[in-house]
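Report on one structure; see the data block that follows.
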Amino acid sequence: MALGKRWLGCMLIGVGLMLFGISRQHWQEWAGIAILSGGIVLVLPNRIIGRPVR
């Protein structure tokens with residue numbers, strides 16, 4: 001079963017929020033923000049991001 005880009009993005013957003021929420025150290029906060037950002041980029045449509053469609 002192939003995972004969709006949108007589904008993967010939603011999962012990354014959830015993991016990022018969870019990691020950011022339980023962070024007690026500085027690196028965990030930045031890791032949570034990075035994962036959250038990656039998930040948001042995957043969920044947004046290509047016309048907003050500006051990525052060319054192949």
Run the side-chain contact (heavy atoms from CB on, under 4.5 Å) test against Ile13 and tell me which residues pass, sequence neighbours left out. Leu17, Leu36, Ile40, Val43
Sort and list the pairs that fulfil side chain to side chain donor-acceptor pair (under 3.5 Å) and have at least one residue in residues 31-45, not counting sequence neighbours. none
Does Met18 share a hydrophobic cluster with Met11, counting links as ILVMFWY side-chain heavy atoms below 4.5 Å and allowing steps through other members? no
Give me the atom names and distance for the closest heavy-atom approach of Gly32 to Leu19. N-CD2, 3.7 Å
For the atom pair CD (Glu29) and NE2 (His26), what is the distance rounded to the nearest 0.5 Å? 6.5 Å
Minimal heavy-atom distance between Leu12 and Ile35, with the atoms involved, is O-CG2, 3.2 Å
